[in-house]
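Taking it in order: structure first as structure tokens, then the write-up.
The residues of the chain are indexed from 1 along the displayed sequence. Just the heavy atoms: all of them, side chains too, but no hydrogens, waters or symmetry mates, feed the values below.
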Amino acid sequence: MEMPVMTIEQTRPARQELSETLYKNAFPAVARFISKMGGSFNEAKDIFHDALVIYWEKTADPEFVLPRSAEAYILGIARHLWVKKFRQDTMKVSLESWERDIAVPPDDETPDTLKLLGFLENTGRRCMDLLRAFYYQNLSMTAITGRFGYGSERSTTVQKYKCIEKIRETIKQKSARYEDFLE
């Protein structure tokens, strides 16, 4: 069913009626998409409401031309919002998952700092400075981006990952094991 573009001048009851129609016609498709992408019903409702707000903001512009149906337009917005949310959420890691994955050595064993520093020095000065800023100085990615002159937080994150991969590769090449770092 083709939905007319609602203008800001139209009455509140007409907007309410169109909102209900959009909810009935477009929400099931949004909910199916979010469900297929691993989202919950509540996330689907949140994304749909955000998409509906964006739709209303767009239709307030008198020069706005709806490219397809309102339902298709809202579904497109919802897909974009979900992908954006999914990307942001995948960059977050809970502390609980880190705690499960990290084995804490017994108190009587301490890492050999000179060996660790040797591996870190092999990555280069810039990597050492970047890792020190992140892990020891606890600077945010935004602060590190500014300090080191990277183009964006994303490129800073990628650079940090590359530095860690350099260390891993060096350790693999030298066939080092965890026990090699203990005194």
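Every residue two or more places apart in sequence or in another chain that forms a ring-ring contact (aromatic ring centres under 6.0 Å, His included) with Y23 is listed here: F27, F48, H49. Every residue two or more places apart in sequence or in another chain that forms a side-chain contact (heavy atoms from CB on, under 4.5 Å) with S155 is listed here: Y150, S152. Evaluation of the side-chain contact (heavy atoms from CB on, under 4.5 Å) rule for I164 yields L131, Y135, K160, R168 as partners, not counting sequence neighbours.
Residues I34 and S40 approach most closely at CG2-O, 3.9 Å, considering heavy atoms. Across every non-hydrogen atom of V30 and A44, the tightest pair is CG1-O, 4.1 Å.
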**Report entry** Test side chain to side chain contact (heavy atoms under 4.5 Å, CB included) applied to L75 and R79, step by step
**Finding:** CA-CA 6 Å; L75 180 59; R79 285 181 175 178; 4.0 Å; yes

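In the hydrophobic clustering of this structure, M141 does not group with Y161; members are Ile, Leu, Val, Met, Phe, Trp, Tyr whose side-chain heavy atoms approach within less than 4.5 Å, directly or through other members. The cluster map of Ile, Leu, Val, Met, Phe, Trp and Tyr, joined by side-chain heavy atoms under 4.5 Å apart, puts F148 and L139 in the same cluster. F64 and W56 fall within the same hydrophobic cluster, defined by Ile, Leu, Val, Met, Phe, Trp and Tyr side-chain heavy atoms under 4.5 Å apart, directly or through other members. Under the 4.5 Å side-chain heavy-atom criterion for ILVMFWY residues, a single connected hydrophobic cluster contains both M37 and I47.
Note that OG1 of T156 and CG of L130 are 7.0 Å apart. Values are rounded to the nearest 0.5 Å. Atom OG1 of T21 is separated from atom CD of E71 by 8.5 Å, given to the nearest 0.5 angstrom. To the nearest 0.5 angstrom, L52 atom CG is 10.5 Å from E57 atom CD.
Counting heavy atoms from C-beta outward, K45 and N42 have side chains that approach closer than 4.5 Å. Taking 4.5 Å as the limit, some side-chain heavy atom of Q159 sits within range of a side-chain heavy atom of C127.
With respect to R126 and D129, no salt bridge is recorded, no charged nitrogen being found less than 4.0 Å from a carboxylate O.
Judged by distance alone, the side chain of T157 and the main-chain N or O of E153 form a donor-acceptor pair under 3.5 Å.
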